[in-house]
> 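Pasting a structure below so you can have a look.
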Number of protein chains: 2
Amino acid sequence: MHDGTPSSHTPPADVTQRLGYRLKRTASALRGAMDKALREHGLTVPQYACLELLDQHPGLSNAELARGTFVTRQSMNTVLRGLQDAGLITRPATTDHGRALPAHLTEQGHHRLTAARSAVYAIDQRMTQAVPTQRLAQFLADLDHMTAALEE
Amino acid sequence: MHDGTPSSHTPPADVTQRLGYRLKRTASALRGAMDKALREHGLTVPQYACLELLDQHPGLSNAELARGTFVTRQSMNTVLRGLQDAGLITRPATTDHGRALPAHLTEQGHHRLTAARSAVYAIDQRMTQAVPTQRLAQFLADLDHMTAALEE
DNA sequence: ACCGGTATGTCAAACTCCTGACATGCACGA
DNA sequence: TCGTGCATGTCAGGAGTTTGACATACCGGT
């Protein structure tokens, strides 16, 4: 094919030059940093994400939390059990309408989240400051466009 | 604190507005798309990544492949066993120098990779075309800066 | 009233991946 | 020569996640 548009036809042959590879590398580094930081607070990354979501949206159900953290309902179910056993959240055993069981942070859960949040903030700042401020919004928007393109 | 610099001091309170959240979401979407596409070729994502690396750098060892795909040596070891059992790669049982066992693609492995690559290319293109061409290089560079900031 | 579609919570089994550990092999300096 | 350090390959165990399946509960149209 002797095309006229030179670029954006096929990905680079070198895997390490491809967008997906770079994305995976950054995500892997982020996951590693968060794992390490949260371990000192006795939390895993999914557990932290769950607490953070519940703090902003109290009463979310298991399925809603699963969608919000990009895991399956089953995985989130075990996460919730762990958090419940640790006394960080509460969930009613039954409900009068539907099947969804709304989860809420306990006082202890809120304290634990606040402590862990400072560690995560430090990581988020290191990462955010690596990209110039004026480009951050555009960067986030591009990420969203990519996500949308992948899900269509 | 009545600071003068309004932004870039603390991450947004809304988790879904944070850089880490967006990054995880995009990475999750990419992983899902690749999982689905590669399943039709009988490969997992780590298996594909391994084949791709071996195609460009024949003779890589288990540990080198592990570093290149962001997993542990142990995980890569099981991946290599699977690829070996499937007849897609070969690895000598012994070596005359050191312990590293250089892996190589078989003819069948090369064919399988070529077939799977087309599916992955389609995904990479959909993702790449979501960001304007003139911004792609900058996007990749920012990803690298973030990775470096997280690993320091 | 019924029934199909959708959404939820949960169980079981399988798989993947990681942590911890150990043995082997090479390189370097004492 | 010996010993320390470092990198590699591998085994065992466990933690986390997914796929598949099933029962329950609401909502819609017929």
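Predicted model, so just to flag it, every value in this text is computed and none were measured. Just the heavy atoms: all of them, side chains too, but no hydrogens, waters or symmetry mates, feed the values below. To find a chain, count down the sequence lines: A is the first, B the second, and so on, and within it residues start at 1.
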> So, for A:G42 and A:Q47, which heavy atoms are closest and what is the spacing to 0.1 Å?
O-OE1, 4.0 Å
> Listed in order of residue number, which residues of residues 63-101 of chain A have a non-hydrogen atom at under 4.0 Å from DNA chain C?
A:A63, A:R67, A:R73, A:Q74, A:N77, A:R81, A:R91, A:R99, A:A100, A:L101
> Please list, by residue number, the residues of residues 43-51 of chain A whose heavy atoms come closer than 4.0 Å to an atom of DNA chain D; answer none if no residue qualifies.
A:T44, A:P46
> What is the ring orientation for A:F139 with B:F139, classed by angle as parallel under 30°, tilted 30 to 60°, or perpendicular over 60°?
parallel
> Restricting to pairs with a member in residues 127-142 of chain A, which pass salt bridge (Lys or Arg N to Asp or Glu O under 4.0 Å), not counting sequence neighbours?
A:R135-B:D142, A:D142-B:R135
> Inspect the contact between B:R31 and B:D35 and indicate whether a charged nitrogen and a carboxylate oxygen are less than 4.0 angstrom apart.
yes
> Which atoms form the tightest heavy-atom contact between A:I123 and A:A37, and what is the distance?
CD1-CB, 3.7 Å
> Which residues within residues 25-41 of chain B lie with some heavy atom under 4.0 Å of an atom in DNA chain C?
none
> When rounded to the nearest 0.5 angstrom, what distance separates CE in B:M127 from OG1 in B:T26?
9.0 Å
> Please report the shortest heavy-atom distance between B:L150 and A:A33, naming the atom on each side.
CD2-CB, 4.4 Å
> Of all nucleotides in DNA chain D that come within under 4.0 Å of a heavy atom of chain A, which is furthest toward the 5' end and which toward the 3' end?
D:dG16 to D:dC26
> Flag the pair B:R18 and A:E52 as a salt bridge only when some basic side-chain nitrogen lies within less than 4.0 angstrom of an acidic carboxylate oxygen.
yes
> May I ask you to check whether over 12 heavy atoms, not counting those of A:H41, lie within 6.0 Å of atom NE2?
yes
> Could you measure the distance from the CZ atom of A:R22 to the CG atom of B:D144? Nearest 0.5 Å is fine.
4.0 Å
> Going by the rule side chain to side chain donor-acceptor pair (under 3.5 Å), which residues pair with A:N77 if we only count those two or more places apart in sequence or in a different chain?
none
> Can you tell me how far CG of A:N62 sits from CD of A:Q74, rounded to the nearest 0.5 angstrom?
8.5 Å
